[in-house]
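For reference, the structure is listed below as structure tokens.
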Amino acid sequence: MGITSLPSSRMAPLGMLLGLLMAACLTFCLSHQNPKEFALTNPEKSSTKGTERKETKAEEELDAEVLDVFHPTHEWQALRPGQAVPAGSHVRLNLQTGEREAKLQYEDKFRNNLKGKRLDINTNTYTSQDLKSALAKFKEGAEMESSKEDKARQAEVKRLFRPIEELKKDFDELNVVIETDMQIMVRLINKFNSSSSSLEEKIAALFDLEYYVHQMDNAQDLLSFGGLQVVINGLNSTEPLVKEYAAFVLGAAFSSNPKVQVEAIEGGALQKLLVILATEQPLTAKKKVLFALCSLLRHFPYAQRQFLKLGGLQVLRSLVQEKGTEVLAVRVITLLYDLVTEKMFAEEEAELTQETSPEKLQQYRQVHLLPGLREQGWCEITAHLLALPEHDAREKVLQTLGVLLATCQDRYRQDPQLSRTLASLQAEYQALASLELQDGEDEGYFRELLGSVDGLLKELR
């Protein structure tokens with residue numbers, strides 16, 4: 001029986017089928033190979049990613065058998081299965097042949113990494129013990145390099161910065177003394193308190209001292225060595241400038257510093273401040289004294305009670321009624337507003353916390369400020385100050401009128417001048433608020449002022 005050849009029309013599909021089967025078999029074989037043989041990894045980088053525990057475990061799992069080590073060159077060479085690739089080599093998979101190939105990646109980097117760390121052997125194989133020894137030497141070398149970097153960094157710091165002992169020695173040679181804030185304040189107080197110091201030197205000492213006592217700790221240090229009382233006694237000076245700058249220092253020291261405030265009251269500061277305000281003094285001196293008084297009274301109900309006992313409201317009333325003291329009048333009104341609202345907030349806080357007799361609230365309840373303001377005529381004085389031309393001054397007066405409304409409402413209604421002033425301000429601020437709306441300001445400054453005026457007019461009708 002003879003063999004007949006297939007027609008060419010049937011041979012072409014059969015060849016294509018055989019080709020596809022061979023490709024599928026090749027793909028299946030490659031997919032079942034050890035994936036590590038085809039991993040495109042950089043041994044140098046991957047060796048640094050594992051922890052020391054993983055490295056030790058890997059070392060223990062190394063077989064005692066001899067390992068075949070690949071020696072890379074600058075040309076691509078095929079890798080045999082199971083060959084170990086030195087760190088720093090470049091490994092790739094040749095997609096045409098399906099074989100792994102390797103070569104040197106960076107010659108200089110490779111040499112530096114292996115310098116002093118390769119085993120001096122002539123064979124082409126390493127045992128597991130050889131690899132452990134090499135790894136230990138590699139770690140020692142890394143530690144030595146880190147130590148060298150630390151030493152270099154320390155040397156650079158020493159080059160840029162000098163030890164404090166050398167600096168002190170240089171300052172001593174230059175007669176320059178490094179002083180603490182405490183030492184500086186002691187020196188300034190001694191300069192101010194010295195009978196041999198001129199007026200200019202005393203003023204300069206107080207001016208510099210004010211800078212330091214802004215800090216709470218410094219103000220308390222001033223108290224600790226008796227400097228605070230020296231400054232308080234400066235209020236008795238016959239020189240207006242000394243009074244002015246002494247009050248300036250005290251105002252800075254009193255601010256939000258309860259310990260200093262208590263000592264100031266016991267040292268007679270309140271009486272001295274009121275005496276200066278009640279007597280004829282330059283306007284600049286009274287400004288500083290009023291500043292010190294405000295700092296002493298705020299958040300200190302005991303001082304507020306003493307202020308009322310010493311006739312403080314009468315002193316302030318006389319002050320704001322003097323000609324040319326409009327600036328002081330606004331500051332006084334602001335102080336009264338703060339004192340009234342401070343007591344109100346203390347009572348509201350006690351209600352929220354449901355405390356019936358906290359010590360702070362008991363102290364504020366002993367300050368009878370509102371009855372004193374009504375008795376001393378502050379209802380009328382505050383209303384008349386609404387005629388001041390500055391918007392900022394009017395804002396403060398309107399705020400004070402609002403907090404005094406419950407106490408002074410009947411007197412406000414009996415004051416025709418107040419009603420006319422409020423109506424005039426209403427028209428003025430309506431126009432200014434309209435301009436704000438045109439400029440896109442829905443909640444502008446003048447709209448707020450207009451709301452305060454409208455609220456007062458509504459309450460007085």
Worksheet item: Taking atom CG of Leu241 and atom NZ of Lys243, what is their separation to the nearest 0.5 Å?
Response: 11.0 Å
Discussion item. Does Glu166, at its CD atom, have more than 12 non-hydrogen atoms belonging to other residues, nucleotides or ligands within less than 6.0 Å?
Written reply: yes
Discussion item. Show the nearest heavy-atom pair for residues Gly234 and Val242, with the distance to one decimal.
Written reply: O-CG1, 3.7 Å
Worksheet item: Out of curiosity, Lys287 NZ to Leu277 CG, how far, rounded to the nearest 0.5 Å?
Response: 13.5 Å
Worksheet entry | Working for side-chain contact (heavy atoms from CB on, under 4.5 Å), residues Leu222 and Asn218 | CA-CA 6 Å; Leu222 181 70; Asn218 285 343; over 6 Å; no
Item to complete: Take Glu156 and Arg159 through the salt bridge (Lys or Arg N to Asp or Glu O under 4.0 Å) test and state the conclusion after the steps.
Response: CA-CA 5 Å; Glu156 181 66 14; Arg159 185 183 67 82; 2.5 Å; yes
Discussion item. Testing the basics here: between Gly267 and Lys272, what is the closest heavy-atom pair and its distance to 0.1 Å?
Written reply: O-NZ, 4.2 Å
Item to complete: Measure the spacing between CZ of Arg298 and CG of Leu293 and express it to the nearest 0.5 Å.
Response: 9.5 Å
Item to complete: Please report the shortest heavy-atom distance between Ala246 and Leu235, naming the atom on each side.
Response: CB-CD2, 4.1 Å
Fill in: Gap separating the CD atom of Glu101 from the CD atom of Glu75, nearest 0.5 angstrom
11.0 Å
Fill in: Within 45° cone of Phe248 ring axis and under 6.0 Å: Lys288 NZ or CZ
yes
Practice prompt. Compare all side-chain heavy atoms of Gln304 with those of Leu339 and state whether any distance is below 4.5 angstrom.
Written response: yes
Discussion item. Within the structure provided, determine whether Ile184 and Leu209 are in side-chain contact (heavy-atom separation under 4.5 Å).
Written reply: no
Discussion item. In the structure I gave you, are the side-chain heavy atoms of Leu283 and Leu328 within less than 4.5 Å of one another anywhere?
Written reply: yes
Worksheet item: Would you call the rings of Phe446 and His391 parallel, tilted or perpendicular, where under 30° means parallel and over 60° means perpendicular?
Response: perpendicular
Worksheet item: Is the shortest heavy-atom distance from the side chain of Ile203 to the side chain of Glu200 under 4.5 Å?
Response: no
Worksheet item: Quick check: does any side chain N or O of Gln77 sit under 3.5 Å from a backbone N or O of Ala102, one acting as donor and the other as acceptor?
Response: no
Worksheet item: Is there a donor-acceptor pair closer than 3.5 Å between any side-chain N or O of Lys259 and the backbone N or O of Gln220?
Response: no
Discussion item. I need the Ile333 CD1 to Leu385 CG distance, nearest 0.5 Å.
Written reply: 5.0 Å
Worksheet entry | Working for side-chain contact (heavy atoms from CB on, under 4.5 Å), residues Glu326 and Val330 | CA-CA 6 Å; Glu326 289 80 7; Val330 175; 5.8 Å; no
Practice prompt. Check Gly227 against Ile189 and note the closest heavy-atom contact, atom names and distance.
Written response: O-CD1, 3.7 Å
Worksheet item: Do Leu388 and Glu390 come close enough that some side-chain heavy atom pair is under 4.5 Å?
Response: yes
Worksheet entry | Residue pair Glu99 / Leu79, side-chain heavy-atom distance below 4.5 Å | no
Worksheet entry | Which atom of Val213 lies closest to which atom of Val249, heavy atoms considered | CG2-O, 3.7 Å
Fill in: Minimum-distance pair of heavy atoms, taken over all atoms of Pro72 and Leu104
CG-CD2, 3.7 Å
Discussion item. Checking Glu342 against Tyr364: is there a side-chain donor and acceptor pair closer than 3.5 Å?
Written reply: yes
Worksheet entry | Asp392 vs Lys396, salt bridge (Lys or Arg N to Asp or Glu O under 4.0 Å): CA-CA, chis, key distance, verdict | CA-CA 7 Å; Asp392 181 65; Lys396 292 178 172 58; 3.0 Å; yes
Practice prompt. Check step by step if side-chain hydrogen bond (donor to acceptor under 3.5 Å, both in side chains) holds for Tyr445 and Glu395.
Written response: CA-CA 10 Å; Tyr445 176 67; Glu395 178 186 12; 3.1 Å; yes
Item to complete: Please answer whether the main-chain N or O of Met182 pairs with a side-chain N or O of Asp221 as donor and acceptor at a distance below 3.5 Å.
Response: no
Worksheet item: To the nearest 0.5 Å, what is the distance between CG (Leu352) and CD (Glu348)?
Response: 7.5 Å
Practice prompt. State, with a plain yes or no, whether a side-chain heavy atom of Leu296 is found less than 4.5 Å away from one of Ile265.
Written response: yes
Discussion item. Looking at Arg447, I'd like to know if its CZ atom is crowded, meaning that more than 12 non-hydrogen atoms belonging to other residues, nucleotides or ligands lie closer than 6.0 Å.
Written reply: no
Worksheet entry | Over 12 non-hydrogen atoms of neighbours within 6.0 angstrom of CZ in Phe225 | yes
Item to complete: For Arg331 and Phe291, run side-chain contact (heavy atoms from CB on, under 4.5 Å): C-alpha distance rounded to whole Å, both residues' side-chain angles, the deciding distance at 0.1 Å, then the answer.
Response: CA-CA 9 Å; Arg331 297 184 183 185; Phe291 162 65; 5.6 Å; no
Fill in: Heavy-atom donor-acceptor pair, Ser197 side chain to Lys191 backbone, under 3.5 Å
yes
Item to complete: For side-chain contact (heavy atoms from CB on, under 4.5 Å), just list the numbers for Val260 and Leu250, CA-CA rounded to whole Å, side-chain angles, deciding distance to a tenth of an Å, and then say yes or no.
Response: CA-CA 9 Å; Val260 178; Leu250 293 175; over 6 Å; no
Worksheet item: When the ring planes of Tyr302 and Phe300 are compared, do they come out parallel, tilted or perpendicular, using 30° and 60° as the limits?
Response: tilted
Worksheet item: Between the main-chain N or O of Ser255 and the side-chain N or O of Ser295, is there a donor-acceptor pair closer than 3.5 Å?
Response: no
Worksheet item: Do you see a donor-acceptor pair shorter than 3.5 Å between the side chains of Gln261 and Asn257?
Response: no
Discussion item. Between Gln229 (side chain only) and Gly226 (backbone N and O only), is there a donor and an acceptor less than 3.5 Å apart?
Written reply: no
Worksheet item: Side chains of Lys103 and Thr73: closer than 4.5 Å at any heavy-atom pair?
Response: no
